[in-house]
Protein chains: 2
Amino acid sequence: MAEAQLARAGRHRDSRETQERLLDAAERLLAERGFAGTSLRAVTQAAGTSVSAANYHFGSKEELWRATLARRIAPINRRRLESLDALEQAAGGAPLALEAIFEAYLGPLFAERAARHAVHFVAARLYSDPPELVSTLKLELFGEVIRRFLDALARALPDRSRMELGLRFQFAVGCMVHVMSGNLEDAPLLMESVPESAAAAADDVLADASVLRHMVAFIAAGLRAPAGDAR
Amino acid sequence: MAEAQLARAGRHRDSRETQERLLDAAERLLAERGFAGTSLRAVTQAAGTSVSAANYHFGSKEELWRATLARRIAPINRRRLESLDALEQAAGGAPLALEAIFEAYLGPLFAERAARHAVHFVAARLYSDPPELVSTLKLELFGEVIRRFLDALARALPDRSRMELGLRFQFAVGCMVHVMSGNLEDAPLLMESVPESAAAAADDVLADASVLRHMVAFIAAGLRAPAGDAR
DNA sequence: CAAGGATTCGAACGTATGTTTCGAACAGTC
DNA sequence: GACTGTTCGAAACATACGTTCGAATCCTTG
């Protein structure tokens, strides 16, 4: 029981590697089928290990789910805050451009998407799996991020009420989640009416960079738009 | 087997009523927990009937799920198309305002939301439950709606490519789905920083009519925004 | 009233689930 | 080389699942 500088003493094969194989498999399967739709056995089988290994490392299916989400989302939110910090530093107190704010917010997530991690699918589950599973996790992971970005928005649009900004920010989150959930994949199916340039144009417009560019423009313009009175 | 003018011949209690109690219960539960997270027994218990009754009327859990979705979504999409027809009739070939197009698209759904039906939650499941369950249903229910509304958008914004419009339309769908999934309910939790006018302003901004107004403005402006070049 | 179909329930079937238990394989320390 | 603690596979457990079956109840039709 001597002072091991790393907290992994004896082990069978490699505890760390097993955990990550489990998290990888869980990430993929949870993304496709959600929490209730994914059995622990499916995960452990895909990870090439056993049910007891999963419960040994994570204690329960629910904790495995939480660990899967937190592993990917925490670094993304860290990068978001770093980008925002850098922007505010450079601006020296001046309000930021909406486009810059949302590039800081969306960029890290799109980077993961481009890296072909299933994180974006999984993150989308934050908004579709039962609340008792994810609501505390949501606040825990996103509380500071939302506060900081709302502050930045409030400085950029000083004439809007905080509640209004919060509402519109949720619209932006909706765009993001929807796209990250893979709903662009069947979009081409719905537009069979342009035969000539179909496939080429689709790949062009639906490339990661293009989607990000369009989304930033869409959201920024949407936030700037005046409320529009009831007719 | 004589010609009964209504197609309900012999029955135990009331076949139609049992079916609708089942659909009501399924709507509520599927909205909260999704397909995999909702057991047939939970549905039939909430409906005050038995598992076999459900399978008698719908054949399987999956068919019950589909019937639940179709019952509410089909009329909504009918109303959407009627509104669009009326607008185009009135315009007589001239392009429509983006705001009008999206009021036609979002209005019927918000009306259901105001009527406290869980349809919006359920509809959101179209985008979170496994594709093999819903993809054919999605095309079947939404194919014509998407085509017609994309046509209207193409006339309103003739300088945009069809694929670009399709992408941005998906952004709009994302806003809608996210809000309809109930994600505005925990929005106030994330904005604890305005103590004085908190509750009152929240109720005000988050009222159905207000959300619809903001969403229409947001989406219309987002669609109008130029793509923005990569920097 | 008898026959037959429609509708419902309770029970049973086989399978799959999350969790627990037991023990073996292994690494590190004396 | 025994002892200790970590890791994890095989099996068992109780429960829950979707589906099926048969009997019971009701209504309509002859």
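Letters A, B, ... mirror the listed sequences (proteins, then strands); counts begin at 1. Side-chain atoms are counted along with the backbone in the values below, which use heavy atoms only and exclude waters and symmetry mates.
Side-chain N/O atoms of B:Ser39 include none lying less than 4.0 angstrom from OP1 or OP2 on D:dA16. For D:dT6, neither phosphate oxygen OP1 nor OP2 lies less than 4.0 angstrom from any side-chain nitrogen or oxygen of A:His57. OP1 or OP2 of D:dT7 sits under 4.0 Å from a side-chain N or O of A:Tyr56. Residue B:Ser50 places no side-chain N or O under 4.0 Å from the OP1 or OP2 atom of C:dT8.
Salt bridge annotation for B:Arg71-B:Glu20: absent, with no cationic side-chain nitrogen under 4.0 angstrom from a carboxylate oxygen.
Between the CD atom of A:Glu17 and the P atom of D:dT6 there is a distance of 20 Å, rounded to whole Å. One atom, CG of B:Leu64, and another, P of D:dC17, lie 15 Å apart when rounded to the nearest Å. To the nearest angstrom, P of C:dT19 lies 8 Å from NZ of A:Lys61. B:Gln19 has its CD atom 12 Å from the C1' atom of C:dA6, to the nearest Å. Per the geometry, CD belonging to B:Gln45 stands 12 Å off P belonging to C:dC9, to the nearest Å. Following rounding to the nearest Å, B:Asn55 (CG) and C:dC9 (P) show an atom-to-atom distance of 13 Å. One can place CZ of B:Phe58 at 12 Å from P of C:dT7, the figure rounded to the nearest angstrom. Spacing between atom CZ of A:Arg16 and atom P of C:dA27 amounts to 18 Å, rounded to whole angstrom units.
Contact of the B:Phe171 side chain with the A:Met215 side chain is registered, since non-hydrogen atoms from C-beta on lie closer than 4.5 Å. Using a 4.5 Å heavy-atom threshold, the side chains of A:Leu23 and A:Leu64 count as touching.
If you check C:dG18, D:dT19, D:dG9 against the side chain of A:Ala53, the one that comes closest is D:dG9. In this structure, of D:dG9, C:dT19, C:dT8, it is C:dT19 that holds the atom nearest to the side chain of A:Leu40.
Counting any heavy atom pair closer than 4.0 Å across all strands shown, B:Thr38 reaches sugar-phosphate atoms only and no base atom.
Side-chain atoms of A:Thr136 and A:Glu140 form no donor-acceptor pair, as typed in the model, at a separation below 3.5 Å.
Stacking of B:Arg80 on the aromatic ring of B:Tyr105 is recorded, both the 6.0 Å distance cut-off and the 45° axial limit being met.
A donor N or O paired with an acceptor N or O is not found under 3.5 Å between the base of D:dG18 and the side-chain atoms of B:Ser60. Contact annotation: side chain of A:Ser52 to base of D:dA10, donor-acceptor pair present below 3.5 Å.
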